[in-house]
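Counting begins at 1 with the first residue of the sequence.
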Amino acid sequence: MSSYKDLVRNMRFSFSRVSTYDNCKYCFYLGYIVKDDDLYLSEGNFYAEVGSFVHLILEKVFKGELEMDDAAQYFIDHFDENVFYRVKKSSVEDAKEDCIRYFAEEEFEWLDGYEVIGVEMKVELDICGYAFVGYLDLVIRNKETGEISIVDHKSARYPLKKNGDVLKSHQEEFKKHKRQMYLYSHAVKEKYGVFPKWLMWNHFKDQKVVKIPFDIREYDETMAWFRESARKIEDEEEFEPTLNYFFCKNLCNFRNSCEYCQEEWK
């Protein structure tokens, strides 16, 4: 039996935790098993902080705490208070330009005919016998039919071709995005008694929205994936690292303290 089985079994799972394990088992180990900043300092990263800042602004807008007309200026005025990490200057400026343009131009046409019934809605529930927590960016309801849809704000680039197919370079990422939303669909079913009609992603940098119908087969596949992933984590002993240059040097929270990263790229 794994030395960490009881710890993992009593852990509160989230999509990000399972994704961390998929990305790098050693990163999961440092973040959720070791949990010692004196030994392995957990740090944020530029891309995550920009995304979180945009989420914060959109939360304020949808809660009526900030007018969308003022959102671009709010982003400019409070950027340095919310985004501490930096990448190369051109990447910083490109990200800022994309976000400012979004706040200045977005009119939320995709919300026509809908009412907002949940903003950054925290859900805590049991999935396949494991405690799970998630935050739904936006839950909306069709004013005519009463059908519910869920929306996730994404900093990732728009993943579709003109014909609606997923770009080859985005297929794996889009698969992960769908899994996240199907887990959240389980929460919608628990709270409202029905599954959502649509799964939507607001790709704010590109000012485009992806909208796909809820598919019960993909939902069932996601539940099976989550259950199997949780069991794998329970049984894990080695927590071997996955060495990928971009992830390790830019996205991993332990990029400056992980011994494997330091050894691989001295």
Side-chain angles (χ1 to χ4, degrees), residues 2 5 8-25 27-28 32 51 110 118 121-142 145 147-161 163-203 208-236 239-240 242 244 247 251:
S2 168
K5 191 177 185 71
V8 173
R9 185 67 193 177
N10 294 311
M11 182 180 292
R12 188 170 64 170
F13 281 84
S14 66
F15 179 76
S16 63
R17 288 196 177 198
V18 180
S19 292
T20 297
Y21 179 82
D22 283 347
N23 286 331
C24 178
K25 296 174 184 178
C27 180
F28 179 95
Y32 303 115
W110 48 272
M121 190 172 76
K122 182 179 180 180
V123 292
E124 297 178 283
L125 63 156
D126 179 280
I127 298 183
C128 304
Y130 296 91
F132 180 86
V133 63
Y135 293 85
L136 283 68
D137 290 346
L138 205 60
V139 184
I140 58 179
R141 181 163 51 206
N142 188 295
T145 66
E147 294 167 341
I148 292 173
S149 299
I150 53 178
V151 183
D152 198 47
H153 307 306
K154 286 296 182 189
S155 58
R157 290 299 183 184
Y158 184 72
L160 303 185
K161 302 177 184 178
N163 64 1
D165 292 340
V166 180
L167 290 161
K168 186 175 181 180
S169 58
H170 289 253
Q171 287 177 356
E172 190 61 34
E173 184 178 40
F174 188 60
K175 183 178 180 180
K176 292 179 180 179
H177 291 175
K178 286 196 295 181
R179 282 176 170 169
Q180 180 181 25
M181 293 291 262
Y182 279 115
L183 289 174
Y184 291 171
S185 296
H186 188 80
V188 170
K189 182 67 160 59
E190 290 279 312
K191 183 174 180 62
Y192 298 104
V194 294
F195 286 118
K197 177 69 174 178
W198 299 98
L199 311 180
M200 301 169 65
W201 292 269
N202 171 27
H203 290 269
K208 294 181 178 180
V209 171
V210 175
K211 181 178 180 180
I212 65 171
F214 176 88
D215 186 323
I216 191 64
R217 292 171 299 178
E218 289 200 282
Y219 165 80
D220 289 338
E221 290 170 1
T222 297
M223 293 299 107
W225 163 81
F226 177 81
R227 181 174 59 251
E228 182 62 24
S229 295
R231 288 175 178 171
K232 283 182 179 178
I233 297 172
E234 275 191 62
D235 295 335
E236 183 63 63
F239 292 99
E240 292 288 341
T242 300
N244 172 279
F247 175 81
L251 303 180

State the [atom1]-[atom2] distance between [X] and [Y], to the nearest 0.5 angstrom.
X: Ser14; Y: Ile127; atom1: OG; atom2: CD1; answer: 10.5 Å
X: Gln180; Y: Ser19; atom1: CD; atom2: OG; answer: 7.0 Å
X: Glu218; Y: Arg179; atom1: CD; atom2: CZ; answer: 10.0 Å
X: Tyr21; Y: Cys27; atom1: OH; atom2: SG; answer: 13.0 Å
X: His170; Y: His177; atom1: NE2; atom2: NE2; answer: 9.5 Å

> Between Phe15 and Phe226, is a side-chain contact (heavy atoms from CB on, under 4.5 Å) present by the stated rule, with each step listed?
Replying inline: CA-CA 9 Å; Phe15 179 76; Phe226 177 81; over 6 Å; no
Ignoring hydrogens, what is the shortest heavy-atom contact between [X] and [Y]? Give both atom names and the distance.
X: Gly129; Y: Arg9; result: O-NH2, 3.3 Å
X: Val151; Y: Asp137; result: O-CB, 3.3 Å
X: Met181; Y: Ile150; result: CE-O, 3.4 Å
X: Val166; Y: Gln171; result: O-NE2, 3.5 Å
X: Gly134; Y: Tyr184; result: CA-CE2, 3.9 Å
X: Thr242; Y: Cys24; result: N-SG, 3.4 Å

> Step by step, would you call His186 with Tyr219 a side-chain contact (heavy atoms from CB on, under 4.5 Å)?
Replying inline: CA-CA 8 Å; His186 188 80; Tyr219 165 80; 2.6 Å; yes
Side chains of [X] and [Y] in contact at under 4.5 Å (non-hydrogen atoms):
X: Val8; Y: Tyr32; result: no
X: Leu183; Y: Phe132; result: yes
X: Val210; Y: Lys154; result: no
X: Leu167; Y: Leu160; result: no
X: Leu199; Y: Ser185; result: yes
X: Ile148; Y: Lys197; result: no
X: Lys178; Y: Ile212; result: yes
X: Lys191; Y: Met121; result: yes

> For the rings on Trp201 and Tyr158, is their centre-to-centre separation under 6.0 Å?
Replying inline: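 For Trp201 and Tyr158, the ring centres are not under 6.0 Å apart.
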> When you measure from the centre of the six-membered ring of Phe239, is the NZ or CZ of Lys25 under 6.0 Å away and within 45° of the axis?
Replying inline: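 Here Lys25 fails the 6.0 Å and 45° test against Phe239.
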>> When you measure from the centre of the six-membered ring of Tyr135, is the NZ or CZ of Lys122 closer than 6.0 Å and no more than 45° off the axis?
In response: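 Geometry flag: not set, cation outside 6.0 Å or 45°.
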>> Applying side chain to side chain donor-acceptor pair (under 3.5 Å) to Lys5 and Asn10, what does each step give before you reach the verdict?
In response: CA-CA 9 Å; Lys5 191 177 185 71; Asn10 294 311; over 6 Å; no
Using a 3.5 Å distance criterion without hydrogens, assess whether the side chain of [X] forms a donor-acceptor pair with backbone atoms of [Y].
X: His203; Y: Ala156; answer: yes
X: Asp165; Y: Lys161; answer: no
X: Tyr182; Y: Phe214; answer: no

>> Whether the His153 and Asn202 side chains hold a donor-acceptor pair (N or O, under 3.5 Å, no angle test) is what I'd like checked.
In response: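 Judged by distance alone, the side chains do pair up.
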>> If only side-chain N and O atoms count, and only distance matters, is there a donor-acceptor pair under 3.5 Å linking Tyr130 with Arg12?
In response: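 Looking only at side-chain atoms, Tyr130 and Arg12 do not form any donor-acceptor pair under 3.5 Å.
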>> Pair Trp198, Ile140 - check side-chain contact (heavy atoms from CB on, under 4.5 Å), show working.
In response: CA-CA 10 Å; Trp198 299 98; Ile140 58 179; over 6 Å; no
> Can Glu172 and Lys175 be said to form a side-chain contact (heavy atoms from CB on, under 4.5 Å), step by step?
Replying inline: CA-CA 5 Å; Glu172 190 61 34; Lys175 183 178 180 180; 4.3 Å; yes
> Just wondering, are more than 12 heavy atoms of other shown residues or ligands nearer than 6.0 Å to NZ in Lys211?
Replying inline: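 Atom NZ in Lys211 is packed in, count exceeds 12.
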> In terms of side-chain geometry, is the basic nitrogen of Glu147 or Arg141 positioned less than 4.0 Å from the acidic oxygen of its partner?
Replying inline: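 So Glu147 does not pair with Arg141 through a salt bridge.
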